[in-house]
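Labels below follow one simple rule: chain letters A, B, ... track the order of the sequence lines, proteins then strands, and each chain is numbered from 1.
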Amino acid sequence: MPRGMHKSRTLRRVFVKTPGGKTTLHYRKRKPSKAICASCKKQLAGVPNQRPYKMMTMAKTAKRPERPYGGVLCSPCTRKLLQQKAHQSVEEKK
Amino acid sequence: MSIYEIGRICVKIAGRDAGRKCVVVENVDDIFVMIDGDVRRKKVNIRHLEPLAEVIKIADKASHAEVKAAFEKLGLAVWDKKSKKQTERPKQIRKAKKKVVEEKSKKEQKAEKKEAKAEQKEVKKETAAEVSVEEKQEVEELSAGETVEAETKEE
């Protein structure tokens, strides 16, 4: 029987094969949710969702795309925003 | 004639240089153009560019220096390479070679010591021989003196 604290689904279950050949059940913390675009709410590509201790070991360049609004907006939304800004600057000059 | 003519100022809307202004330097084909300015000089797809109304006068395949001069006139920033100069690696001197030299010197030292010892022995032998000759002479002198004294006493 599992412990009372392990009856809830707060922790995820991982089956681990021991050196003796038996499979045992381990309980691990769940991963954080995937990053989403601030504009269209789609999942962002190139942004890992790992536990903070793993994210701390990663390089800054490995944690988000290296472009303006990288890790905040998806690429189509970034394009739209930059196009809008370019048009605005043209109108302002007129 | 496409809108991406030579000298057309555009905004890059994709990639690392997104949001920066650039100028078309060369038309590679219908899809690709060469850009320069506040971006890295490179061949890009025209879908990654947003054209602006301005067109500047620059030559076809203009160099980075020409583009830089034109952009400075307009008061725009220019991307400059910040490449580092390669420094020479510090060379390590092998210790093994030194040891070989030391071993040789030790051998030489041993040989020198041997020679020195042999020389010392020879010198000692010579001195011993000289001393023995001198002692003999002294003994003879002393014996001669004693005989003279004895003769004088007899007289």
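The minimum heavy-atom distance linking A:Ala86 with B:Val11 is given by the pair CB-CG2, 4.1 Å. When all heavy atoms of A:Gln83 and B:Ile13 are compared, the closest pair comes out as NE2-CD1, 3.5 Å. A:Pro68 and B:Ala18 get closest at one heavy-atom pair: CG-O, 3.1 Å. B:Arg16 and A:Glu66 make their closest contact through CG-O, 3.1 Å (heavy atoms, listed as atom of the first residue, atom of the second, distance).
Proximity to chain B is limited to the side chain of A:Lys93, based on heavy atoms less than 4.5 angstrom apart.
In this structure, B:Val78 is not a member of the same hydrophobic cluster as B:Val44, with clusters built from ILVMFWY side-chain heavy atoms closer than 4.5 Å. A chain of hydrophobic side-chain contacts below 4.5 Å, direct or via other Ile, Leu, Val, Met, Phe, Trp or Tyr residues, connects B:Leu74 to B:Val25. Residues A:Leu11 and A:Phe15 are members of one and the same hydrophobic cluster, defined by side-chain heavy-atom contacts under 4.5 angstrom among Ile, Leu, Val, Met, Phe, Trp and Tyr. A:Val16 and A:Leu25 fall into different hydrophobic clusters, where Ile, Leu, Val, Met, Phe, Trp and Tyr residues are linked whenever their side-chain heavy atoms come under 4.5 Å apart, directly or through other members. At a threshold of 4.5 Å between side-chain heavy atoms, the hydrophobic network of Ile, Leu, Val, Met, Phe, Trp and Tyr places B:Ile56 and B:Leu76 in one connected group.
More than 12 non-hydrogen atoms from other residues, nucleotides or ligands lie less than 6.0 angstrom from NZ of A:Lys63.
A:Ser89 contributes atom OG, which lies 5.5 Å from atom NZ of B:Lys21 (distance to the nearest 0.5 angstrom).
The candidate with the highest count of non-hydrogen atom pairs below 4.5 Å against chain B, out of A:Lys94, A:Lys85, A:His87, is A:His87.
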